[in-house]
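One structure is given here, and the rest of the page talks about it.
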Amino acid sequence: MSSLIAKARRVAFQGEPGAFGNQAAREALPHAEAVPKETFEDAVDAVRSGETDLAIIPIENSLHGRIADIHHLLPEAGLHIVGEHFVRINLQLLGLKGAPLSGVRTIVSQGPALGQCRKLIRDLKLHAQEWHDTAGSARHVAELGDPGVAAVASRLAGELYGLDVLKADVEDAAHNMTRFLIMAREAEAATPGASGLTVTSLIFRVRNVPAALYKALGGFATNGVNMTKLESYQLGGTFTATQFYLEIDGHPEERHVRLALEELQFFSSHVQVLGVYPGHPLRVAAQAAAE
């Protein structure tokens, strides 16, 4: 475990008490106080200002895809990735106590959560309404007092706001998982050669030369470095400037990784390492099973 994670006293998460970010903070940093923030940017600002030691931000879900744009949150804030955590997402359909499932007409939740239970919405012919947060949608249903409106949120949110579980585990697939990144003001690289898997995250922009991206990434193939994620983003309101977010297995001080990064640097106009951190045990197990 990172020493920054071990020493943290407060960690910011996006959402209200009972949000899945709250659950992630509890699981990954049970020793730290979880501090709710309205937006992802507010959670990042809490770290940058020193209000909290860390922030834990969801960036992707196995069903919904990308959640938070890490290329926007991290480089501009000057924060560093020091860890990752995976949370199994069990979505509950929450309603007023005693409300019948057959009477529900409207479902309220955060966009990603609604995207993870499309089958429920289709089967029950529900009207979906986006809310800023899963736990906030549960609070809204409790305050609204309308048995025809239900929320999709965690079981913890239902307990906090006095709601019944009208239908349990309504996510579309059993593998529903959200990946969170743990971010700090200071950089703290994982120890080279430590047991287990090291992940390196970075952003880069290629030079304006033919086949620059192909050449920039070629070093990872020739040096046997496994790329686990590559995403592109448009920059500055133009369709000609592209930035890439990349994740690889390995530590920059390992020879094969160092050589691949040198080749990337040669064909890029900008390279910025966002974090070098231990891979979560779930990632390690999944890769071992795939071999």
Side-chain angles (χ1 to χ4, degrees), residues 11-27 33-46 51-52 55-69 87-174 176-178 180:
V11 55
F13 68 91
Q14 186 275 329
E16 299 188 24
F20 286 104
N22 194 170
Q23 179 179 333
R26 284 186 173 190
E27 292 176 2
E33 176 189 358
V35 179
K37 292 295 176 181
E38 185 173 347
T39 67
F40 296 130
E41 288 78 4
D42 290 341
V44 168
D45 286 344
E51 179 187 351
T52 65
I56 187 163
I57 300 292
I59 64 159
E60 58 186 335
N61 174 266
S62 59
L63 294 179
H64 182 78
R66 184 192 302 171
I67 297 176
D69 285 338
V87 173
R88 171 70 173 90
I89 303 297
N90 295 107
L91 296 171
Q92 316 301 318
L93 184 64
L94 305 172
L96 298 180
K97 287 191 175 298
L101 176 62
S102 59
V104 175
R105 295 290 177 265
T106 299
I107 184 172
V108 183
S109 196
Q110 194 177 40
L114 293 173
Q116 294 163 33
C117 56
R118 292 188 177 93
K119 186 176 185 300
L120 171 80
I121 295 171
R122 184 174 61 251
D123 290 350
L124 298 184
K125 297 179 173 59
L126 301 175
H127 169 68
Q129 179 181 342
E130 285 201 27
W131 208 253
H132 64 87
D133 173 56
T134 54
S137 71
R139 179 177 57 80
H140 172 65
V141 167
E143 294 174 348
L144 191 63
D146 183 347
V149 181
V152 168
S154 67
R155 191 174 294 272
L156 174 61
E159 294 171 358
L160 289 175
Y161 300 111
L163 300 176
D164 279 351
V165 176
L166 305 185
K167 189 173 178 61
D169 301 337
V170 297
E171 61 273 11
D172 289 338
N176 192 19
M177 192 83 63
T178 294
F180 289 78

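The model shown is predicted, which means the values in this text are computed figures rather than measured ones.
A 6.0 Å sphere centred on CZ of R26 holds no more than 12 heavy atoms belonging to other residues, nucleotides or ligands.
For the pair S62/M177, a side-chain contact is recorded, criterion being any heavy-atom separation below 4.5 Å from C-beta on. Annotation: side chain of T106 is not in contact with side chain of L126 (no heavy-atom distance under 4.5 Å). Side chains of F40 and P58 form a contact here, defined as non-hydrogen atoms less than 4.5 Å apart. No side-chain heavy atom of V11 sits less than 4.5 Å from a side-chain heavy atom of T52. Residues E16 and E38 fail the side-chain proximity criterion, which asks for heavy atoms closer than 4.5 Å. Counting heavy atoms from C-beta on, the side chains of L124 and L101 come closer than 4.5 Å. In this structure, the side chains of Q116 and L91 come closer than 4.5 Å at one or more pairs of heavy atoms.
Taking each heavy atom of G21 and I56 in turn, the nearest pair found is O-CG2, 4.1 Å. Of all heavy-atom pairs between A19 and F13, the closest is CB-CE1, 4.3 Å. Here the closest non-hydrogen pair linking L96 and A142 is CD2-CA, 4.2 Å. The shortest heavy-atom contact between A138 and A153 is CB-CB, 4.3 Å. Between L93 and L120 the shortest heavy-atom distance is CD1-CD2, 4.3 Å. Of all heavy-atom pairs between A55 and A43, the closest is CB-O, 3.7 Å.
Here N22 contributes atom CG and L160 contributes atom CG; the two are 8.0 Å apart, rounded to the nearest 0.5 Å. To the nearest 0.5 Å, atoms CD1 (I67) and CD1 (I57) are separated by 10.5 Å. Atom SG of C117 is separated from atom NZ of K167 by 11.5 Å, given to the nearest 0.5 angstrom. Atom-to-atom distance recorded for E130:CD and I107:CD1 is 12.0 Å, nearest 0.5 angstrom. Here N61 contributes atom CG and F20 contributes atom CZ; the two are 10.0 Å apart, rounded to the nearest 0.5 Å. We find the CG-OG distance between L94 and S137 to be 7.5 Å, quoted to the nearest 0.5 Å.
Ion pairing of E143 with R139 is present here, as a side-chain N (NZ or NE/NH1/NH2) and a carboxylate O approach within less than 4.0 Å. Salt bridge K37/E51: present, at least one basic N to carboxylate O contact under 4.0 Å. In this structure, K97 pairs ionically with D164, as a charged nitrogen and a carboxylate oxygen lie closer than 4.0 Å.
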So V141 and D146, side chain to side chain contact (heavy atoms under 4.5 Å, CB included) or not? Walk me through it.
CA-CA 7 Å; V141 167; D146 183 347; over 6 Å; no
Does the side chain to side chain contact (heavy atoms under 4.5 Å, CB included) test come out yes or no for L156 and Q23, once each step is laid out?
CA-CA 8 Å; L156 174 61; Q23 179 179 333; 5.6 Å; no
Residue pair R88, N90: steps toward the side chain to side chain contact (heavy atoms under 4.5 Å, CB included) verdict:
CA-CA 6 Å; R88 171 70 173 90; N90 295 107; 3.6 Å; yes
Side chain to side chain contact (heavy atoms under 4.5 Å, CB included) evaluation trace for E27 with V87:
CA-CA 8 Å; E27 292 176 2; V87 173; 3.7 Å; yes
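In the model, D133 has no side-chain atom that pairs as donor or acceptor with a side-chain atom of Q110 under 3.5 Å. Defined by atom type and a distance below 3.5 Å, a donor-acceptor pair is present between the side-chain atoms of D169 and Q92.
For D172 (side chain) and K119 (main-chain N/O), a donor-acceptor pair under 3.5 Å exists by modelled atom type. No donor-acceptor pair closer than 3.5 Å links the side chain of S109 to the backbone N or O of A151.
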